[in-house]
Visitor: 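I am attaching a structure below and will ask some questions about it afterwards.
Within every chain, numbering begins at 1; the chains are lettered A, B, ... in the order of the sequence lines, protein sequences first and strands thereafter. All values below come from the heavy atoms of this structure, side chains included, with hydrogens, waters and symmetry mates left out. Please read these numbers as outputs of a predicted model, since none were measured by experiment.
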2 protein chains.
Amino acid sequence: MAQARKYAGGVDGNRSLERGIEILRAFRPGVDTLGNGEIAERTGLPRSTVSRLTRTLVYSGMLDQVRSERAYRLAASVISIGHAMRTGSPVLNAIGPMMRTESARRRLNVGLATADRIMMVYLESIRYSPRAALRNVVAGQQVPMELTSLGRAYLAGIAETDRERLLKQFRRRSAAATRTLLAEVRRSISAVERDGYCAVSWQPAVVAVATPIVIEGLPVYALNMSLQNVERSDALASELGAYLNAFAAKCREVLGDREPR
Amino acid sequence: MAQARKYAGGVDGNRSLERGIEILRAFRPGVDTLGNGEIAERTGLPRSTVSRLTRTLVYSGMLDQVRSERAYRLAASVISIGHAMRTGSPVLNAIGPMMRTESARRRLNVGLATADRIMMVYLESIRYSPRAALRNVVAGQQVPMELTSLGRAYLAGIAETDRERLLKQFRRRSAAATRTLLAEVRRSISAVERDGYCAVSWQPAVVAVATPIVIEGLPVYALNMSLQNVERSDALASELGAYLNAFAAKCREVLGDREPR
DNA sequence: CGCTTAATTCCACTCAGTGGAAACGGCGAG
DNA sequence: CTCGCCGTTTCCACTGAGTGGAATTAAGCG
């Protein structure tokens, strides 16, 4: 007996590790410090267990202990692992420089993202600013999958079964207004299949278009372009879409992609 | 009996979590994918254990599985956690914008780092480039502690006991040329105590100066300024040092620091 | 189509991990 | 300065989660 925690398919994993990771995830952007009590609350783990696991995470260098307020914060190790991730990403290595060039040429924002559970996370987000000196590059920022062009392009790129599982999670999450939202998502997915991209402006005065990047043996990515401080217009969206399709074609060529989808 | 893994001081922690984190750490910049065998080799863990732990890490979203080459790579989750760390860092929030301004004003590189074991890791590294459009911001990059101004300033800022423990680890690491190296490190520490900063050029044609930032309840940070493509000169170093001291004073004021050290 | 090499699964053993309860300790009020 | 409160840490007996060596399976190669 005792085959540890079973995952789908009857294979086993490690409970403590899973819990430890869940504790790290409890630190979301915006919270600087968390005490054991608050972690226990957020994760649903027993207090004594949290106490032991946070100690281990401190020992392993993933958390810094703030004795004065009996709390913890994420340690610098996590960004060095994050840096290793970005450095190792073949997609980012291949098209990151192209994205910078394109952003400068077209004078718009260019981003590359993939999924983290039900959020999209930017591997790179190049924010174009007319004050050229202030070009800003952000990585790791999360945006909601179901509300963004990035997320919907991703959904259009993944396998049917994975997509349905995610759609179910959106429904569970926001009980209200879900009927129309899901319909919108499906419409965006159709748009990707028809035009190669989808357009969404989930934030006021921003128009964004995105397209999936599907490469064998890698997670599905989504590439986007966006412009701020504009009024929403279909003409603009299709202009951006044309730029994006052209750029994505170049990227797919470099990446040795099979389906332009 | 059985009080789990004992840490220094007789307190216990969690072995599996510790091992899982060690597996994540095995992915360093430069390696894109690792197989279970290679992980086992790098971490010294039994193969079957690695197999189980990597499965858990995949399930938890920290690793992506690359079935085609029976390998794993770091997943996007790690950068979203890294982003949360940067977002939550009160020091970076406070002085990050100041660092950008200063970099533009003085036309040089400005960086903020802290320690990850025996490496220094940049929370932010603003690379000044004369071709202004190409200003580059990097986070998470690691540089060796004992060889850099950043690392030596850090060493000057931490408690005596911690410092000695680290120095011992440098000795263990590189058997050769350690005598002179350690002496150099100690000289840099004295320089910090005397001048407020230390200067090192561990890379050719780069002059760098750094100073520690010590704040109650937070890890010790180090702030640096550097210039590329210059010939090493003491005059330049002391000019940079003066700039750095002035800037660090402003930062310490904003941060409510106690010891300018 | 066997052979080599590496990853995964099996399995019996046992100690690492668990969580409820008790002890501790910091802090504010009186 | 002391008392009481509340969150954190430690204790401890129990046990099943985790372990790792051996067997098995799967993938690549000649």
Side-chain angles (χ1 to χ4, degrees), chain A residues 1-24 26-27 31-60 62-73 216-217, chain B residues 1-24 26-27 31-60 62-73 216-217:
Chain A
M1 217 217 297
Q3 210 50 250
R5 261 297 182 277
K6 299 272 185 184
Y7 293 152
V11 281
D12 55 22
N14 183 295
R15 183 171 58 156
S16 315
L17 176 53
E18 213 174 307
R19 289 171 160 189
I21 299 296
E22 228 41 57
I23 288 176
L24 289 180
F27 291 83
V31 304
D32 52 339
T33 64
L34 285 178
N36 278 335
E38 204 165 352
I39 294 173
E41 209 171 319
R42 285 176 183 239
T43 57
L45 298 174
R47 290 166 166 252
S48 52
T49 300
V50 170
S51 183
R52 254 175 295 115
L53 293 181
T54 50
R55 180 187 301 126
T56 302
L57 288 169
V58 169
Y59 177 83
S60 295
M62 303 301 284
L63 293 180
D64 284 333
Q65 190 163 17
V66 190
R67 289 188 190 280
S68 57
E69 33 178 322
R70 335 191 101 226
Y72 304 89
R73 64 161 47 93
E216 181 67 25
Chain B
M1 216 218 296
Q3 210 50 251
R5 258 301 182 278
K6 299 272 184 184
Y7 293 153
V11 282
D12 54 24
N14 182 296
R15 183 171 58 156
S16 315
L17 176 53
E18 214 174 307
R19 289 172 159 188
I21 300 295
E22 227 42 58
I23 289 177
L24 289 181
F27 291 84
V31 304
D32 53 338
T33 64
L34 285 178
N36 278 334
E38 204 164 353
I39 294 173
E41 208 172 319
R42 286 177 183 236
T43 57
L45 298 173
R47 288 160 169 261
S48 50
T49 300
V50 170
S51 182
R52 255 175 296 115
L53 294 181
T54 50
R55 180 186 300 130
T56 301
L57 288 169
V58 169
Y59 177 83
S60 295
M62 304 300 285
L63 293 180
D64 284 332
Q65 191 164 16
V66 189
R67 289 189 190 280
S68 57
E69 32 179 321
R70 335 192 101 225
Y72 303 89
R73 62 162 49 93
E216 181 66 26

Visitor: Could you tell me the separation between the CZ atom of R15(B) and the C1' atom of dC15(C), rounded to a whole number of Å?
Guide: 8 Å
Visitor: Would you compute the distance between atom CZ of F27(A) and atom CE of M62(A) and round it to the nearest 0.5 angstrom?
Guide: 11.0 Å
Visitor: Quick check on dG19(C): is either OP1 or OP2 less than 4.0 Å from any side-chain nitrogen or oxygen of R19(A)?
Guide: yes
Visitor: For dT18(C), does OP1 or OP2 lie under 4.0 Å from any side-chain N or O of N14(B)?
Guide: yes
Visitor: Please give, in whole Å, the distance from dG18(D) P to E18(B) CD?
Guide: 15 Å
Visitor: For the backbone of T56(B) and the side chain of S60(B), can you confirm whether one donor and one acceptor N or O come within less than 3.5 Å of each other?
Guide: yes
Visitor: I want to check one thing: is the phosphate of dA16(C), taken as OP1 and OP2, less than 4.0 Å away from some side-chain N or O of S16(B)?
Guide: no
Visitor: How far apart are the C-alpha atoms of D64(B) and V58(B), what are their side-chain angles, what is the distance that settles it, and do they pass the side chain to side chain contact (heavy atoms under 4.5 Å, CB included) test?
Guide: CA-CA 6 Å; D64(B) 284 332; V58(B) 169; over 6 Å; no
Visitor: What is the distance from atom CG of L17(B) to atom CG of L53(A), rounded to the nearest 0.5 Å?
Guide: 6.0 Å
Visitor: Which atom pairs link the protein and nucleotides 6-8 of chain C when you take only N or O atoms and keep those under 3.5 Å?
Guide:
residue, atom, partner, partner atom, Å
dA7(C), OP1, G37(B), N, 3.1
dA7(C), OP2, G37(B), N, 3.2
dA7(C), OP2, R47(B), NH1, 3.1
dA7(C), O4', R70(B), NH1, 3.0
dT8(C), OP2, N36(B), ND2, 2.1
dT8(C), OP2, S51(B), OG, 3.4

Visitor: Under 3.5 Å, which donor-acceptor pairs do the side chains of residues 31-46 of chain B form with other protein atoms, sequence neighbours left out?
Guide:
residue, atom, partner, partner atom, Å
T33(B), OG1, E69(B), OE1, 3.4
N36(B), OD1, T54(B), OG1, 3.0
R42(B), NH1, A26(B), O, 3.4
T43(B), OG1, I39(B), O, 2.7
T43(B), OG1, L45(B), N, 3.4

Visitor: Mind grabbing the angle between the end helix axes of the helix from dC1(C)-dG30(D) to dG30(C)-dC1(D)? Five pairs an end, 10° rounding.
Guide: 50°
Visitor: What's S68(B) touching, base or sugar-phosphate or nothing? Going by heavy atoms closer than 4.0 Å.
Guide: sugar-phosphate
Visitor: Does dT19(D) have OP1 or OP2 sitting under 4.0 Å from an N or O in the side chain of T49(B)?
Guide: no
Visitor: Within the structure provided, determine whether R52(B) and S48(B) are in side-chain contact (heavy-atom separation under 4.5 Å).
Guide: yes
Visitor: Would you say the side chain of N14(B) lies within less than 4.5 Å of the side chain of S16(B), judging by non-hydrogen atoms?
Guide: yes
Visitor: Take the protein atom CG of L53(A) and the nucleotide atom C1' of dT9(D), then report the distance between them rounded to whole Å.
Guide: 14 Å
Visitor: Please confirm whether the shortest side-chain N or O distance from R52(B) to OP1 or OP2 of dT19(D) is below 4.0 Å.
Guide: yes
Visitor: Between R73(A) and L63(A), is the side chain to side chain contact (heavy atoms under 4.5 Å, CB included) condition met? List the steps.
Guide: CA-CA 6 Å; R73(A) 64 161 47 93; L63(A) 293 180; over 6 Å; no
